[in-house]
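To start, the structure itself, in structure tokens.
Letters go in sequence order (proteins before strands), and every chain restarts at 1. Just so you know, these numbers come straight off a predicted model, no measurement behind them. The basis for the numbers below is simple: all heavy atoms, side chains too, and nothing from hydrogens, waters or symmetry mates.
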Amino acid sequence: MLSEQEQIRRESLQKIISYGINPYPAEEFKFSHYSSQILENFIDGEKVIIAGRLMRRKIQGKASFGSIQDAKGKIQIYLNRDIICPDEDKSMYNDVFKKWLDLGDILGIEGKVFKTRVGEISVNVEMIHLLSKSLKPLPQPKVDTDGITHDAFNDPELRYRRRYVDLIVNDYVKETFLKRSKVINSMRKFLSKKDYVEVETPILQSIPGGAAAKPFVTHHNALDVPLYLRIANELYLKRLIVGGFEGVYEFAKDFRNEGMDKTHNPEFTQMEVYVAYKDYHWMMSFTEEMLEFICLEVLGTTDVKIGNNTISFKKPFKRISMLNSIKEHTGIDISKMGVKELFETCKKLNIETNDSMGKGKLIDEIFGEKCESNYLQPTFITDYPIEMSPLCKKHRDNDELTERFELMVNGKELANAYSELNDPIDQKLRFEEQIKLAERGDDEAMLIDLDFIRALEYGMPPTSGMGIGIDRLVMFLCNQSSIQEVLLFPQMKPEKWDTGPNKKEYLKLNIAESWIQPLYEIGYTSVSILLEAKPTAVHQKLNSYRKKNKLSIPPILLEEVEAWYK
RNA sequence: GAUUCGUUAGCUCAGCUGGUAGAGCACAUCCCUUUUAAGGAUGGGGUCCUGGGUUCGAACCCCAGACGAAUCACCA
């Protein structure tokens with residue numbers, strides 16, 4: 001059912017067509033200025049052509065005001081009947097503009113720049129071109145002189161589902177996504193200046209590797225095999241280092257079939273970079289250099305406001321090993337502890353455990369519970385337990401640790417990096433360890449990618465790799481606390497659409513076509529629902545619907561309704 | 001998955017103790033030659049999320065469900 005306003009717009013559309021205007025013209029519309037250019041460089045009397053959406057309209061007799069929103073902002077337009085219609089025929093103003101155009105229509109405007117009495121730079125309109133008619137009314141948020149927004153369009157579900165509307169009416173949304181684009185561009189610029197090669201690796205993988213996460217499964221018909229959407233691209237990028245690239249990187253969409261919340265979307269973007277002959281110490285410097293560069297390029301400063309905190313991305317960042325961090329925040333030295341003692345320590349610290357947890361997992365729990373949230377300023381946490389880092393090289397000084405770091409910012413993980421494990425025999429053992437862990441109850445089994453082992457057997461130079469969550473980085477730099485705000489189209493439950501009655505179904509029961517829509521409207525949305533109801537009730541409801549909606553068809557007889565049930 | 005809160009006009013929201021569904025914006029008609037969220041007058045617009053129940057009577061109370069938000073848990 002169309003709302004009254006939608007019906008009125010459709011009627012206006014018909015009138016426009018009858019008047020001889022094509023509401024959806026095919027021709028290119030050449031405009032001379034963006035709104036921002038006119039506002040920034042006011043030239044009284046300059047002739048301009050602009051194009052955009054009509055966002056405000058205020059009719060005052062012979063004169064009207066409006067505003068046009070284009071890609072770069074908004075500008076006021078002023079219309080005067082006798083300027084638009086210099087001849088006898090005033091219909092272009094009186095009918096077309098005043099009656100048949102609506103807020104939301106896309107217009108081309110020709111006119112001259114001037115300042116109103118109140119001093120606002122405006123375009124005095126000489127000619128209007130309708131470029132596209134809008135049939136659905138927009139929400140109408142208004143900002144007053146104190147900067148307070150009235151009637152804000154702020155229901156998250158509606159905003160995410162109709163991002164196009166969100167972008168039209170909420171200026172800050174567009175800014176977020178412009179900034180996101182800038183962040184990615186400047187990261188790419190940084191990487192490509194180093195002469196590393198941007199590559200693309202498979203999204204459909206037969207073995208989903210490189211991380212511990214549940215994948216999405218799909219099926220390839222011609223090969224008749226299952227394929228997985230990638231959870232990470234790490235193993236492919238390392239194959240390329242084997243192949244002789246010095247440095248490779250990819251901005252990768254990864255897919256993880258797990259819970260969704262404010263910080264997790266089923267598909268998300270990571271940038272991973274791998275560089276030959278480097279180690280994780282080098283990568284720390286590289287990472288802080290890159291982040292500082294991006295902040296300066298995008299924000300012009302290394303000080304970023306996140307919530308109530310100001311975070312400084314000025315290098316160098318603090319570095320601390322995981323074990324020292326735990327010692328610092330709990331006073332407990334766990335460096336020499338075995339599994340049993342770790343379980344006891346967790347108990348003492350009120351950390352929940354279960355039997356499937358190995359040593360690494362326990363340490364990770366302690367860190368996650370007691371330390372992680374303390375690191376507001378960018379901090380590299382280094383040297384993770386070996387059990388939780390199956391793709392990472394053993395620490396040069398300690399067999400139980402790995403050469404790994406995570407970069408914590410505002411209490412959350414932003415980047416993760418290793419000195420990459422390049423010993424194929426060790427790698428195979430580590431994969432097998434993971435499978436043992438998986439058998440103990442962890443359902444996120446890492447399958448063994450034998451081709452990856454084979455690649456390592458050919459020899460991979462010592463390499464350091466780093467992955468950084470683009471969505472998280474953008475959240476930080478845009479001061480947004482939810483990932484949905486930095487994704488144009490965050491994943492939502494599929495929308496339910498009212499597609500109307502399935503007429504064939506009803507016709508099969510010999511129901512007259514004129515009664516199908518009424519049946520549907522009063523709740524008998526399918527034949528099976530209808531047949532469950534009593535014919536007498538259906539009969540009564542139909543006739544009262546007829547009366548209420550003043551249908552021009554004769555009342556239905558009970559016998560007719562009963563006939564459907566035979 | 002748990003708890004709490006919410007769902008009323010195109011949008012933002014009121015709606016008291018259960019008693020004829022409301023406001024602002026938007027829309028329509030009329031008046032008005034430069035307005036700054038808001039000129040004036042009049043008017044139209046509703047599956048009060050859905051389905052049951054209680055009641056003479058339900059937007060409101062009870063039960064079940066759908067959807068959403070927040071917090072927590074789980075998972076990286």
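Atoms CZ (R57(A)) and P (A28(B)) sit 6 Å apart, rounded to a whole Å. Rounded to whole Å, the distance from NZ on K98(A) to C1' on C32(B) is 9 Å. As a whole-Å value, the separation of Q7(A) CD from C27(B) P is 16 Å. In this structure, I231(A) places its CD1 atom 16 Å from P of C75(B), rounding to the nearest Å. When rounded to the nearest whole Å, the span between CD1 of I351(A) and P of C74(B) equals 11 Å. When rounded to the nearest whole Å, the span between CD of Q140(A) and P of A9(B) equals 17 Å. Rounded to whole Å, atom P of A28(B) lies 13 Å from atom CH2 of W100(A). Rounded to whole angstrom, the span from the CZ atom of R161(A) across to the C1' atom of A69(B) amounts to 13 Å.
Residue-level contact check: R256(A) touches the backbone only, with heavy atoms under 4.0 Å from sugar-phosphate atoms and none from bases. Within the nucleic acid shown, K361(A) comes within 4.0 Å of sugar-phosphate atoms alone, with no base atom in reach, counting heavy atoms only. Nucleic acid contact class of E157(A) (heavy atoms, under 4.0 Å, all strands): sugar-phosphate only.
The side chain of K99(A) lies closest to C30(B), out of C75(B), C30(B), U12(B). Among A28(B), C75(B), G10(B), the nucleotide with an atom closest to any side-chain atom of Q5(A) is G10(B).
Rounded to whole Å, the separation between the C1' atoms of A58(B) and C63(B) comes to 15 Å. Nucleotides C48(B) and A59(B) are separated by 8 Å at their P atoms, to the nearest Å. For the P atoms, the distance linking A21(B) with G46(B) amounts to 14 Å, nearest Å. Spacing between U47(B) and G51(B) at atom C1', rounded to whole Å, works out to 13 Å. Comparing G19(B) with C61(B), their C1' atoms sit 14 Å apart, to the nearest whole Å. As rounded to the nearest Å, A69(B) and C56(B) have P atoms that lie 41 Å from one another. Comparing the same atom, C1', in G15(B) and in G6(B) gives a spacing of 16 Å after rounding to whole Å. Taking the P atom of each, G44(B) and A23(B) are spaced 11 Å apart, rounded to whole Å.
Across every strand in view, C5(B) sits in a pair with G68(B) that passes the Watson-Crick or G-U test at under 3.5 angstrom. Across every strand in view, G57(B) sits unpaired, with no contact that passes the Watson-Crick or G-U test at under 3.5 angstrom. Of the nucleotides present, none pairs with G46(B) by Watson-Crick or G-U wobble criteria with both distances under 3.5 Å.
Side-chain atoms of F97(A) and S64(A), non-hydrogen and from C-beta on, do get closer than 4.5 Å to each other.
Of the charged side-chain nitrogens involved, at least one lies within less than 4.0 Å of a carboxylate oxygen, so that K90(A) and D82(A) count as a salt-bridged pair. Electrostatic pairing of E46(A) and K112(A) does not count as a salt bridge here, judged by no charged N lying under 4.0 Å from a carboxylate O. Under the 4.0 Å criterion applied to side-chain N and carboxylate O atoms, K133(A) and D102(A) are assigned as salt-bridge partners. Salt-bridge annotation for E250(A) and R230(A): present, with a side-chain N of the basic residue lying under 4.0 Å from a carboxylate O of the acidic one. Under 4.0 Å is where a charged nitrogen must lie from a carboxylate oxygen, and between K412(A) and E372(A) no such pair does.
The ring pair (Phe, Tyr, Trp, His ring centres under 6.0 Å) test applied to H329(A) returns Y375(A), not counting sequence neighbours. Scored by the salt bridge (Lys or Arg N to Asp or Glu O under 4.0 Å) test, E485(A) finds R159(A) as partners (sequence neighbours excluded).
Looking only at distances, no side-chain donor or acceptor of S91(A) sits under 3.5 Å from a matching main-chain atom of D95(A).
If you check distances only, the side chain of D151(A) does reach the base of G24(B) with a donor-acceptor pair under 3.5 Å.
K136(A) has no side-chain polar atom (N or O) that falls below the 4.0 Å cut-off from OP1 or OP2 of C11(B).
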(request) Do nucleotides 33-41 of chain B as a string where each nucleotide becomes B, S or -: B if the base has a protein heavy atom under 4.0 Å, S if just the sugar-phosphate does, - if no protein is that close. (result) BBBBB-S--

